[in-house]
Amino acid sequence: MPAITLPDGSIRRFDGPVTGTTIAADIGPGLARAALAMKVDEVLVDLSREITADAAVTFVTRKDAMALEMIRHDCAHVLAEAVQALFPGTQVTIGPSIENGFYYDFATEVPFTTDDFPAIEAKMREIIARNAAFERSVLPREDAIAFFQDKGETYKAELIRDLPASETITLYRQGDWIDLCRGPHMRGTGDVGTAFKLMRTAGAYWRGDHRNRMLSRIYGTAWRDQKELDAHLHMLAEAEKRDHRRIGKDMGLFHIQEEATGSVFWHPKGWKLYRTAEDYMRRRLDAGGYQEVKTPQLVDRVLWEKSGHWEKFREHMFLARVEEEEKTLALKPMNCPGAVMIFNQGLRSYRELPLRLAEMGQCHRYEPSGALHGIMRVRAFQQDDAHIFCTEDQIAAETVRFVELLSAIYRDFGFAEFRVKFSDRPATRAGTDAVWDRAEGALRDACAIAKVDYTLNPGEGAFYGPKLEFVLRDAIGRDWQCGTLQVDFVLPERLDAEYVDVDGGRKRPVMLHRAILGSFERFLGIVIEQYAGRFPLWLSPVQVAVATIVSDADGYAQEFTAALQAAGISVKLDLTNQKINAKIREHSLQHVPVIAVVGRKEAEQRMVALRRLGGDAQELLPFADAIARLQAEATAPDLRTA
RNA sequence: GCUGUUGUAGCUCAGUGGUAGAGCACUCCCUUGGUAAGGGAGAGGUCCAGGGUUCGAGUCCCUGCAACAGCACCA
């Protein structure tokens, strides 16, 4: 006699085991039509599942966010059936729902291409129109393995073999097509609807391991209705518009070419942006108690052998040899050994600690070709690096200090929020458990003091110590790890760093590796996408465009331009023989934040009309006021007084 | 690195084995105008590179390079 409690608190009693379908029908025909699945005591199950005991039941309809996930999951099944119908001999593997859609990995001799999509989508529509019910069945493990093995589905058989013994093996049937699946599913294939689209193909390793066979993956997106699908496609188009590679080209910021893959040619405007960021960082670091240093690009392998990089990082290092010498040099992939070399000059005292050595360190790393991505993932980049030599007792205070600095800097660049990941001791590590306890404890305490919420990243720490990772999310929703703070007990040991303690004895310092932007290249890529190229005034490479309406105003425009330049503002003077409309349009497309328009009237009255990017209002100001106003607005956030 | 796709004017892209195209940008001329495209003319090409098939290759085939998407990688 199950008593079913509904979300509104009402209770319905049934004579015996009852399915969701029956309950929904009992409540009303509207719900019977709308219900796709149900939650029984908070567990999502098929509508057709029998309920035998008292339970709280909530129905899932198309309106619920949860329906979206089911639509995508079901759509993946429909995709798999369609593919197997069209391409006999193709094996199915896995096909989950993911953010915004789903994918399915197939084992096939000939990989799929987007040319296959129209046929596959047509077949999918057929399957959806047929609206075969999803039917769940439970099979003993050995039977299930035999079933898939007989069908030639070796990947499915392998999956079942590897499922934990406690797991119930369930199959789902839709018409004649059967898949191994945990479920749950909606009522039938028709519930998927028609708001889906296959997006792209890709290779993907079986079980995500590059030693395994490459499968052919098809990505799709699916939504509750056409309107949602259209909105999603529109969002993708918008995201593409703010792609930093697109904007970099359109605004003439930088380029990359074949002869130097993974390295950036910064154009004047791009380099201006870079320098603005760099100058800002220098001021922040100076104010933050850091001393800047510079260490060599080319360093003998002997040092890399000592530091451990030769062993652990060699395949990522660019080597350089010269005919005349036996030596092998390497372009530095990291700055840390260089910093230790500076620390090691002379005898250090505990009085000098914490010693914060910053370096705008140019690094080269041989990244796999497939990893390169615009200026975000490159082979030559500059880090805003620093190494803090301190005692164990100073770790917490230095961490708090660092997080404060990092927060202020991210805020100034327009990132109000960031995530923090705490990576603790990995399985293979250097140092005793006692040392790890202290290092992790110090970091945890510091996070508490600095009021930093973090998610634990178990076992992901560096072999030499725990670390914090600071992650920003870009405009296209990708996560980028920018900042990092790593506690290192190993490198000071390997490179023999030491200081004289109060008692006159020699001690090893702890080394904190830390970066805030990470790499300038990557960070600026993120900033470009964050602002879609419409930078705040202080960052904008061209801050003001001075545009004339008539050539009679040229002299006055030149005078105003010179005054802006003298005030430290980056300005572009436009005396071209074009109508003001065309000039406005051109500079607006270049995302110049302020256009100062001068015509005959302004020249006679010694005024300027300021026009802001994105607006059409004009502000008429006297010459000197305009200069003062723009100068104040263009001031970097760390230099503002008010 | 792996799988797939792509590579034509500065940019965005058409191009069916038979004389290389468009729009925008660029240069020049006309136009001096009031807040997102004034008009006209002109110039601009190793069709990614190298092989092959063919009477003939931008087009078909092979190899390489690069970019893009994803996977793996990001110590």
Side-chain angles (χ1 to χ4, degrees), chain A residues 98 103 105-106 108 110-116 199-219 240 243 245-246 249-250 252 255-262 307-309 311-317 333-334 336 363 365-374 376-379 381 423 426 460-464 467 469 480-481 484 486 513 518-519 522 545 547-554 575-590 592 595-602 609-620:
Chain A
I98 52 174
Y103 67 80
D105 285 347
F106 301 96
T108 172
V110 184
F112 299 109
T113 73
T114 47
D115 294 341
D116 299 320
M199 300 300 283
R200 56 173 56 103
T201 60
Y205 299 108
W206 168 236
R207 299 194 146 179
D209 188 328
H210 70 281
R211 288 165 302 194
N212 289 340
R213 180 175 163 187
M214 174 80 62
L215 305 171
S216 183
R217 175 175 296 180
I218 295 177
Y219 281 95
E240 204 178 312
D243 187 309
R245 293 164 300 186
R246 174 83 260 142
K249 190 173 270 184
D250 289 345
H255 86 272
I256 294 172
Q257 69 186 46
E258 275 198 41
E259 292 84 351
T261 58
S307 70
H309 289 87
E311 186 198 343
K312 296 222 183 293
F313 209 70
R314 179 148 52 123
E315 69 271 28
H316 294 287
M317 288 164 69
M334 296 183 200
C336 26
C363 294
R365 297 181 191 177
Y366 181 76
E367 299 282 357
S369 60
L372 301 178
H373 179 83
M376 303 259 228
R377 190 81 185 268
V378 286
R379 288 175 174 163
F381 54 94
S423 300
E460 292 295 313
F463 72 93
Y464 49 74
K467 60 182 177 184
E469 292 174 340
W480 294 98
Q481 186 201 311
T484 183
Q486 307 178 4
H513 306 243
S519 101
R522 167 182 293 190
T548 52
I549 295 172
V550 292
S551 50
D552 287 349
D554 285 2
L575 301 179
T576 57
N577 180 12
Q578 288 181 103
K579 288 197 172 185
I580 192 63
N581 289 305
K583 293 187 185 187
I584 297 281
R585 176 181 153 81
E586 195 171 302
H587 297 120
S588 297
L589 288 174
Q590 284 293 307
V592 177
I595 302 175
V597 176
V598 291
R600 189 168 285 122
K601 192 174 74 191
E602 286 79 8
L610 299 184
R611 183 192 205 277
R612 309 286 168 153
L613 180 60
D616 53 7
Q618 301 168 48
E619 193 181 9
L620 200 62

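Proteins come first, then strands; the chains are lettered A, B, ... in the order of their sequence lines, and each starts at number 1.
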Q: Would you kindly give the CE-to-P distance between A:M334 and B:rC74, to the nearest whole Å?
A: 11 Å

Q.
Distance check, C1' atoms only: B:rG56 and B:rU19, in whole angstrom units.
A. 13 Å

(Q) Counting only Watson-Crick pairs (N1-N3 plus N6-O4 or O6-N4) and G-U wobbles (N1-O2, O6-N3), all under 3.5 Å, who is the partner of B:rA36? (A) none

Q: Using the P atom as the reference point in each nucleotide, state the distance between B:rU5 and B:rC74 in Å, no decimals.
A: 28 Å

Q) Which base, if any, makes a Watson-Crick or G-U wobble pair with B:rA22, both distances under 3.5 Å? A) B:rU12

Q | Partner nucleotide, any strand, of B:rA69 [Watson-Crick/G-U, under 3.5 Å] | A | B:rU3

Q: Could you check whether A:M199 gets within reach of a base, just the sugar-phosphate, or nothing at all, counting any heavy atom under 4.0 Å?
A: nothing

(Q) Check this one for me: any side-chain N or O of A:R245 less than 4.0 Å away from OP1 or OP2 of B:rC68? (A) yes

Q. Counting distance only, does the side-chain N/O of A:T114 pair as donor-acceptor with the main-chain N or O of A:R200 below 3.5 Å?
A. no

Q) Could you give the CG-to-C1' distance, from A:D209 to B:rC73, as a whole number of Å? A) 12 Å

Q: Would you indicate what A:G518 reaches in the nucleic acid, counting non-hydrogen atoms under 4.0 angstrom: base, sugar-phosphate, or nothing?
A: nothing

Q: Please figure out whether A:Y464 or A:T201 has its closest RNA chain B nucleotide nearer the 5' end.
A: A:T201

Q.
Tell me which nucleotide, if any, is Watson-Crick or G-U wobble paired with B:rC74 when both distances must be under 3.5 Å.
A. none

Q | From CD1 (A:I595) to CD (A:E586), nearest 0.5 Å | A | 10.0 Å

Q. Base, sugar-phosphate, or nothing: which does A:S369 touch, judged by heavy atoms less than 4.0 Å apart?
A. base

Q. Contact class for A:R246 (heavy atom, under 4.0 Å): base, sugar-phosphate, or nothing?
A. sugar-phosphate

(Q) Does any part of the side chain of A:L620, heavy atoms only, come nearer than 4.5 Å to the side chain of A:E602, both counted from C-beta? (A) yes

Q: Nearest-nucleotide wise, let me know which of A:R200 and A:H210 is further upstream toward the 5' end of RNA chain B.
A: A:R200

**Q.** Main-chain N/O of A:T576 paired to A:K583 side chain as donor or acceptor, under 3.5 Å
**A.** yes

Q: Identify the residue among A:R377, A:R522, A:R379 that makes a salt bridge (charged side-chain N to carboxylate O under 4.0 Å, His left out) with A:E367.
A: A:R377

Q: Determine the Euclidean distance between corresponding P atoms of B:rA49 and B:rU59; express it in Å to zero decimal places.
A: 10 Å

Q. Has the side chain of A:Y366 got a donor or acceptor atom sitting under 3.5 Å from an opposite partner on the base of B:rG1?
A. no

Q: May I ask you to verify if any side-chain N or O of A:H373 is less than 4.0 angstrom from the OP1 or OP2 atom of B:rA67?
A: no

Q. Considering only the P atoms, how many Å lie between B:rU46 and B:rU8, rounded to the nearest integer?
A. 12 Å

Q) Watson-Crick or G-U wobble partner for B:rG56, using a 3.5 Å limit on both distances? A) none

Q. Which part of the nucleic acid, if any, lies within contact of A:P368, taking any heavy atom under 4.0 Å across all strands shown: a base, the sugar-phosphate backbone alone, or nothing?
A. base

Q. With rounding to whole Å, what would you report as the distance between B:rG64 and B:rA72 at their C1' atoms?
A. 23 Å

(Q) Can you tell whether the side chains of A:D209 and A:R211 come within less than 4.0 Å, N to carboxylate O? (A) yes

Q) Using purine N1 to pyrimidine N3 plus N6-O4 or O6-N4 for Watson-Crick, or N1-O2 and O6-N3 for G-U wobble, each under 3.5 Å, what pairs with B:rA41? A) B:rU27

Q) Which of these nucleotides, B:rC73, B:rU5, B:rC71, is closest to any side-chain atom of A:Y219? A) B:rC71

Q. Side-chain N or O of A:R522 less than 4.0 angstrom from OP1 or OP2 on B:rC74?
A. no

Q | Listed nucleotide nearest any side-chain atom of A:R217, set B:rG1, B:rC2, B:rC71 | A | B:rC71

**Q.** Contacts of A:R217 that satisfy side-chain hydrogen bond (donor to acceptor under 3.5 Å, both in side chains) - sequence neighbours left out
**A.** A:D105, A:Y219

Q) When you compare B:rC29 with B:rA14, how far apart are their C1' atoms, in angstrom units rounded to a whole number? A) 31 Å

Q.
Between B:rA37 and B:rA9, how many Å separate the two P atoms, rounded to a whole number?
A. 29 Å

Q.
Take a 6.0 Å sphere around NE2 of A:H210 and say whether it holds more than 12 heavy atoms from other residues, nucleotides or ligands.
A. no

Q: Measure from CZ on A:R213 to C1' on B:rA72 and round the result to the nearest Å.
A: 17 Å

Q. Is the shortest side-chain N to carboxylate O distance from A:E240 to A:R246 below 4.0 Å?
A. no

Q) Could you state the interatomic distance from OG1 (A:T548) to CZ (A:R600), rounded to the nearest 0.5 Å? A) 11.5 Å

Q. Atom CD of A:E240 and atom C1' of B:rA67: how far apart are they, to the nearest Å?
A. 14 Å

Q. Between B:rU3 atom P and A:R207 atom CZ, what is the distance in whole Å?
A. 22 Å

Q | Carboxylate-amine/guanidinium contact A:R611 A:E619, below 4.0 Å | A | no

(Q) I need a per-nucleotide contact map over nucleotides 32-41 of chain B, read 5' to 3'. Cutoff is protein heavy atoms under 4.0 Å; write B for the base, S for backbone only, - otherwise. (A) BBBBBBS---

**Q.** A:I218 CD1 to B:rU3 P, straight-line distance once rounded to whole Å
**A.** 18 Å

Q: Output yes when a side-chain donor or acceptor of A:H316 lies under 3.5 Å from a complementary backbone atom of A:Y366, and no otherwise.
A: yes

Q. Taking CD from A:E315 and C1' from B:rC74, how many angstroms apart are they, rounded to a whole number?
A. 12 Å

Q: Start with the C-alpha distance between A:H309 and A:E311, add both sets of side-chain angles, then the distance that settles side chain to side chain donor-acceptor pair (under 3.5 Å), and finish with yes or no.
A: CA-CA 5 Å; A:H309 289 87; A:E311 186 198 343; over 6 Å; no

Q: Determine the interatomic distance between C1' on B:rA66 and the same-named atom on B:rC48; round to the nearest Å.
A: 8 Å

Please write out each protein N/O paired with an N/O of nucleotides 47-49 of chain B under 3.5 Å, distance rounded to 0.1 Å.
none

Q: For A:R377 and B:rG1, give me the distance from atom CZ to atom C1', rounded to whole Å.
A: 12 Å

